[in-house]
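Data block below; observations after.
Below, read A as the first sequence line, B as the second, and so on, with proteins coming before strands; counting in each chain starts at 1.
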Amino acid sequence: MAAVTVRLPDGSTKEFDERVTAFQLAESIGPRLAKAAVAATVDGVEVDLGARLPDGAEVTVVTSDSEAGRNVLRHSTAHVLAQAVLRLWPGAHFAIGPVIEDGFYYDFELPGGAHFSDDDLERIEATMREIMAEDQPFVRHEHTIDEGLALFEGQPFKREIIEAVGAGQDEVDAAADGASAASVSTYWNSPAFSDLCRGPHVPATGRLGHFALMRVAGAYWRGDDKRQQLQRIYGTAWESDKALAGHLHRLEEAERRDHRRLGAELDLFSFPEEIGSGLAVFHPRGGTIRRLMEEYSRQRHVAAGYEFVNTPHITKAELFETSGHLDWFAEGMFPPMELDGGHQYYLKPMNCPFHILIFKSRQRSYRELPIRHFEFGTVYRYELSGVVHGLTRVRGMTQDDAHIFCSRQQMAAELHSTMTFVLSLLRDFGLDDFFLELSTRPEDKAVGSVEDWDEATEALRTAALAMDLELVLDEGGGAFYGPKISVQARDAIGRTHQMSTIQLDFQLPQRFDMEYIGADNARHRPIMIHRALFGSVERFFAILLEHYAGALPTWLSPEQVRVLGVRDDHEEYAHKVADRLSAVGARVSVEPADEPLGARIRRAKLLKVPYILVVGDDDVAAGTVGVNRRGSELPVRGVEVVAFTDQLEREIAERRLPESAP
RNA sequence: GCCUGGGUAGCUCAGUCGGUAGAGCAACGCACUCGUAAUGCGUAGGUCAGGAGUUCGAUUCUCCUCCCAGGCUCCA
């Protein structure tokens with residue numbers, strides 16, 4: 001047999017006397033690599049370790065500690081999950097079991113309409129460990145469509161996937177499940193179990209084991225809410241117990257930062273049941289933070305040439321008929337109220353039509369453009385009960401909403417300055433890791449000419465590219481009336497959040513017959529840009545809270561300094577210090593000495609107050625304070641009041657951010 | 001809206017195989033006057049989410065509604 005040469009990622013080559021498997025290649029390179037190997041790529045295609053390598057192939061060994069390798073582990077673990085469920089519930093149907101971020105899931109339908117309970121997860125996990133102990137091989141087979149259908153007799157979901165392929169439909173989706181136009185592939189583990197799958201898989205189930213089942217949930221078959229609901233089990237799998245523990249720890253960390261938990265602990269906001277789902281009230285501390293966010297935003301908007309407007313919360317139905325909202329957004333709106341002899345009034349879900357009416361209140365000249373109307377506009381949306389979530393998905397929210405009306409010639413410059421403005425504002429709040437997403441024309445529900453869409457999309461793209469940030473394309477993700485750019489921010493623990501949106505709109509100006517008089521004395525239609533930088537104040541609040549784990553920068557903290565006297569006869573001095581700080585605009589409180597100092601310090605720490613000042617005999621005598629700064633190990637004694645006041649004043653004025661994320 | 005799991009004191013939770021409930025923290029009172037993350041003792045606090053049904057009797061079983069969590073679908 002002819003010698004075989006394969007090329008490795010570092011550019012080197014290796015020769016063999018015969019066609020070796022990917023695993024043999026790994027072994028020939030080193031035992032550690034062979035041990036870590038879970039799959040390989042040959043000329044860019046992922047294959048099993050057992051695959052024989054063709055001559056001249058470019059081969060990469062995929063190891064379990066890479067993202068690709070973990071995905072192989074997760075996919076294989078998902079198969080074991082399915083096998084365990086079929087072992088425990090004979091006659092169960094299994095649907096799909098893909099890899100997702102940090103884990104996997106598998107969808108099932110249990111016989112007799114049974115459902116998984118939390119206790120079942122433990123049983124399933126135990127059975128999975130048995131299967132792993134059995135070290136069953138993953139053996140790949142290719143089948144024709146008919147063979148596949150026969151093999152999955154009694155498994156309607158598998159057959160549906162295969163049938164879709166046979167009918168020449170849905171090829172792309174089906175390929176992911178192990179089917180291509182000509183054939184389907186399966187992985188055989190034991191006489192009792194094989195699964196439709198594209199692979200690759202680890203060589204045997206003994207290779208797995210660092211996994212956990214997380215939860216059960218319902219999920220629609222094929223994600224379609226018209227179709228039946230299946231039982232989904234979520235799990236996670238990693239290359240080692242250490243990596244698994246790390247993941248579980250990250251989940252705990254995220255839970256610790258959960259804004260709903262922090263909102264209660266820090267006494268910021270609540271959702272009284274008496275008011276209704278998704279409707280928040282902000283307590284004094286939360287209200288202070290909101291006020292500070294809004295005040296700073298207002299200040300920046302004034303400087304950026306926005307004008308402030310105010311509009312009501314309800315309106316006659318006709319306004320939303322004109323805007324088109326009742327055609328395409330009605331299900332997102334609260335039902336109408338009937339008033340004034342049959343007139344229907346709606347709570348507003350968006351502010352745009354109101355701002356348009358302000359534009360239209362008199363004739364406009366090109367000399368006025370661009371006109372930028374800004375409002376903290378409170379809107380109400382009837383979110384389905386299952387989607388309401390903390391402050392991030394609510395039924396009543398306040399948008400930092402503005403609409404820019406400009407000429408086509410001004411559009412590019414406006415987009416550019418808006419983008420610059422957005423990023424600058426977000427950075428001032430301490431978010432600095434961004435990428436942009438460009439959402440283009442939705443195929444099925446777009447209105448307006450393709451030329452308009454193209455022009456608008458290009459204008460957005462140009463503005464986005466000028467920001468020198470990563471730009472991701474969201475094909476077909478735009479609203480029906482225009483394309484949009486959204487700013488995505490990564491927070492302190494690496495999660496991404498959609499923040500600002502900048503949306504171009506040719507439609508509403510037309511629907512409302514907006515116009516201005518140009519230099520040519522003719523009527524022209526303005527372009528409209530919708531933009532919200534926080535998105536909603538509530539949501540931005542939640543993101544900031546989680547980003548800082550509740551320890552907001554001093555300038556945003558509801559209570560910046562708490563002064564504690566060591567004994568109650570230090571209280572007079574404590575108040576003197578507090579007055580000095582209040583005089584420079586700081587938010588300060590003094591707590592009486594009715595508890596031991598340690599307990600009072602603990603309370604202040606739990607509230608994440610940036611500065612705790614302790615004053616005792618020495619301080620009264622010397623005019624100093626003891627400074628216990630949030631995040632620092634040791635307090636600093638004997639700081640001159642003037643020196644502390646000066647540095648605090650500077651820190652607030654500069655809106656300084658915490659030195660390191662907490 | 002759909003699926004699963006929940007709702008017991010202000011918070012975190014225990015408990016009742018159907019006989020109306022308990023802890024820790026918090027609150028309140030008294031004592032303690034203290035130098036950097038929990039002082040001690042005491043008191044009060046619950047239509048066991050709400051409603052209906054079954055039952056001699058329901059916080060417990062059944063049904064409905066509301067609210068919450070995690071998903072699905074949707075979305076700022």
Side-chain angles (χ1 to χ4, degrees), chain A residues 100 105 107 113 115-121 214-234 255 258 260-261 264-265 267 270-279 329 331-332 349-350 379 381-394 397-401 477 479 484 486 497-501 503 530 532-540 542-543 564-571 592-607 612-619 625-629 632-638:
Chain A
I100 53 173
Y105 66 79
D107 287 348
H115 298 293
F116 294 121
S117 70
D118 288 349
D119 297 340
D120 290 334
L121 285 188
M214 306 302 288
R215 60 178 63 94
V216 296
Y220 299 105
W221 168 232
R222 299 237 144 179
D224 182 348
D225 61 5
K226 305 284 182 297
R227 307 200 60 173
Q228 73 211 88
Q229 189 145 27
L230 305 175
Q231 293 275 297
R232 175 171 295 178
I233 295 180
Y234 283 93
E255 196 183 322
D258 191 311
R260 293 165 301 179
R261 169 199 280 248
E265 285 175 358
D267 194 14
S270 59
F271 292 90
E273 203 177 308
E274 294 85 338
I275 298 177
S277 181
L279 298 166
F329 200 71
E331 64 188 32
M350 294 186 185
V379 298
R381 298 185 184 175
Y382 182 69
E383 296 292 347
L384 294 178
S385 63
V387 309
V388 168
H389 178 94
L391 287 177
T392 60
R393 222 31 212 287
V394 293
M397 60 171 159
T398 302
Q399 295 183 309
D400 61 329
D401 206 4
K484 71 172 178 193
S486 52
H497 305 275
Q498 181 181 317
M499 312 291 317
S500 320
T501 57
Q503 209 149 9
H530 304 244
L533 307 194
F534 293 158
S536 80
V537 178
E538 289 80 1
R539 182 189 166 82
F540 191 67
I543 291 168
L564 307 176
V566 172
R567 284 190 318 270
D568 55 10
D569 55 325
H570 300 126
E571 200 165 315
D594 55 0
E595 276 184 300
L597 182 64
R600 286 179 287 144
I601 289 186
R602 180 166 189 272
R603 277 172 194 279
K605 290 276 185 190
L606 289 175
L607 285 172
I612 301 163
L613 302 186
V614 174
V615 294
D617 290 336
D618 301 350
D619 299 295
V625 293
V627 180
N628 185 326
R629 187 193 170 118
S632 65
E633 290 291 315
L634 288 172
V636 182
R637 295 273 301 268

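Within the nucleic acid shown, A:Y382 comes within 4.0 Å of sugar-phosphate atoms alone, with no base atom in reach, counting heavy atoms only. Contact annotation for A:G386: base contact, defined as any heavy-atom pair under 4.0 Å involving a base atom. In this structure, A:E383 reaches the bases: a heavy-atom distance under 4.0 Å links it to at least one base atom across the strands shown. A:S277 comes within 4.0 angstrom of the backbone, heavy atoms only, and of no base. Across all strands shown, A:F540 has no heavy atoms under 4.0 Å from either base or sugar-phosphate atoms. Residue contacts shown for A:R629 are absent, as no nucleic acid heavy atom lies under 4.0 Å away. At a threshold of 4.0 angstrom between heavy atoms, the contacts of A:R600 with the nucleic acid are absent. Contacts of A:V379 with the nucleic acid, taken as non-hydrogen atoms under 4.0 Å apart, are absent.
Rounded to whole Å, the distance from CD on A:E595 to C1' on B:G29 is 14 Å. One interatomic measurement links the two molecules: CG of A:D617 to P of B:U36, which rounds to 14 Å at whole-angstrom precision. In this structure, CD1 of A:I233 is placed 18 Å from P of B:C3, rounded to the nearest angstrom. For the pair A:E274 CD and B:G50 P, the interatomic distance rounds to 12 Å; values are reported in whole Å. Protein atom CG of A:D568 is 10 Å distant from nucleotide atom C1' of B:C34, rounded to whole Å. Between A:R393 atom CZ and B:C75 atom P the separation is 8 Å, expressed in whole Å. Going from atom OH of A:Y220 over to atom C1' of B:C72 covers 6 Å, rounded to whole Å. Atom CD in A:E255 sits about 14 Å away from atom C1' in B:C68, given to the nearest Å.
Between the side chain of A:R602 and the base of B:A38, at least one donor-acceptor pair of N or O atoms lies under 3.5 Å.
The side-chain heavy atoms of A:D618 and A:R637, taken from C-beta on, include a pair separated by under 4.5 Å.
The pair A:D594-A:R600 fails the salt-bridge criterion, with no side-chain N (NZ, NE, NH1 or NH2) lying under 4.0 Å from an Asp/Glu carboxylate O.
Taking atom P on both B:G6 and B:U43, the two are 36 Å apart, rounded to the nearest angstrom. Distance noted for atom P between B:G19 and B:C32: 47 Å (whole Å). Taking the P atom of each, B:U16 and B:A76 are spaced 47 Å apart, rounded to whole Å. B:A49 sits 47 Å from B:C34 when the P atoms are compared, rounded to a whole Å. Taking the P atom of each, B:G22 and B:G45 are spaced 13 Å apart, rounded to whole Å. Using atom C1' as the reference point in both B:U8 and B:G46, the two lie 8 Å apart (nearest Å). If you take atom P in B:U59 and the same atom in B:C17, they sit 15 Å apart, rounded to whole Å.
If A:R381 and A:R567 are placed on RNA chain B by their nearest nucleotide, the residue sitting closer to the 5' end is A:R567.
Nearest to the side-chain atoms of A:A599 among the listed nucleotides B:C68, B:U39, B:C72 stands B:U39. Between B:G71, B:C68, B:G35, one nucleotide has an atom nearer to the side chain of A:V388 than all others, and that is B:C68. Among the nucleotides B:C74, B:G71, B:U36, the one closest to the side chain of A:V387 is B:C74.
The phosphate of B:G70 (OP1 or OP2) has a side-chain N or O of A:H389 nearer than 4.0 angstrom.
In RNA chain B, stems built from 3 or more consecutive Watson-Crick or G-U wobble pairs, each with both distances under 3.5 Å, span B:1-7 with B:66-72, B:10-13 with B:22-25, B:27-31 with B:39-43, B:49-53 with B:61-65.
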